[in-house]
Amino acid sequence: MQLNFQKHGQGKPIFLLHGFPLDSKMWEENILNLIAKNFQVILPDLEFEDDNDSLSNTAEALASLLSSLKIDKAIIGGLSMGGYVCFNLYRLHPELFAGLILCDTDSSSDSIEKRNFRFDLIDKISQRGNQAVVDSMLNNLFSNDTKINRPSIVNKVKSWMLQSNVSNNISALKAMADRMDHDHILDTINIPTKIIFGAEDKITNLEIAEKLRRKIKNSELSIIPNAGHFSNLEQFALFNECLFDFVCKVY
Ligand code: MLT
């Protein structure tokens with residue numbers, strides 16, 4: 001599998017992996033400052049195969065991308081599903097990480113309820129396309145403050161959801177439902193790690209953020225007020241400060 005990607009700027013490399021069901025566009029508010037300060041930002045579009053080890057395969061495709069770009073080590077981060085891929089990549093290739101960024105994500109595998117939700121959503125997408133993703137997910141993704149004061153962000157995410165690739169969404173849902181549990185690797189992570197969560201994230205909540213902070217030795221947690229699951233979009237200025245501080249510490 002070969003991943004499509006965008007590459008912006010020159011300098012020390014930072015990879016950012018997007019969440020479901022979006023693509024690399026979701027980082028559009030987060031990269032300008034990094035590029036201006038001479039970092040290189042690489043934004044892959046994650047793709048999934050229809051098999052039972054798909055997130056590992058996506059992580060291997062990412063390792064191949066680093067190799068094809070002749071990058072030995074990078075700061076690698078992901079939001080939600082992007083974070084699930086980071087855990088797979090760290091298990092398979094820890095040597096590729098100069099630093100790790102975990103945003104609104106979890107190291108645990110799915111509960112039975114969450115797996116059932118995903119397979120139910122796959123059925124609905126097969127019948128009604130991406131409108132089913134919007135109906136099942138959109139309302140839970142944002143803080144109240146975003147919904148009331150920044151509805152354009154909600155509308156933008158909705159239009160990205162509707163434009164996203166239906167068959168990749170179905171494969172991504174299967175891949176997330178079947179993903180490995182990575183709780184056991186948390187205490188082996190020995191690189192600088194930044195954890196960023198929206199204070200009102202309902203998909204991956206602050207208990208999860210606290211678990212990651214407690215179990216990953218060299219980690220720091222920032223909680224972004226008035227943000228839900230897409231903290232990088234909902235409060236991009238605060239998110240960008242956290243990101244920038246961290247990359248400056250690592251590099
Ligand atoms: C995401 O934002 O990537 C998804 O909400 C992740 C998930 O459904 O577990």
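For this chain, numbers begin at 1 and follow the sequence in order. Indexing begins at 1, ligand by ligand and atom by atom, following the structure's order.
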What is the nearest protein non-hydrogen atom to atom 6 (C) of ligand 1, stated with its residue, atom name and distance? Ser80 OG, 3.0 Å
side-chain contact (heavy atoms from CB on, under 4.5 Å) between Lys12 and Asn38, worked out: CA-CA 8 Å; Lys12 299 264 173 84; Asn38 295 323; over 6 Å; no
Report the residue from Asn232, Asp245, Asn30 that forms a side-chain hydrogen bond (donor to acceptor under 3.5 Å, both in side chains) with Asn240. Asn30
Tell me which protein heavy atom sits closest to atom 3 (O) of ligand 1, plus the residue, atom name and distance to 0.1 Å. Phe20 N, 2.6 Å
Heavy atom of the protein closest to atom 5 (O) of ligand 1 (residue, atom name, distance): His229 NE2, 3.3 Å
Polar side-chain atom of His18 near backbone of Leu46 as donor-acceptor pair, under 3.5 Å: yes
Close N or O approach (Met176, ligand 1; < 3.5 Å): no
Out of Met26, Met81, Arg118, who is nearest to atom 7 (C) of ligand 1 when you count heavy atoms only? Arg118
Exercise: do Asp183 and Ser108 side chains pair donor with acceptor under 3.5 Å: yes
If you scan protein heavy atoms around atom 9 (O) of ligand 1, the nearest is Tyr84 OH, 2.5 Å
What atoms of ligand 1 come closer than 4.0 angstrom to any heavy atom of Gly19? 3 (O)
Do Asp45 and Ser24 have side-chain N/O donor and acceptor atoms under 3.5 Å apart? yes
Between Thr58 (side chain) and Glu47 (backbone), is there a donor-acceptor pair under 3.5 Å? yes
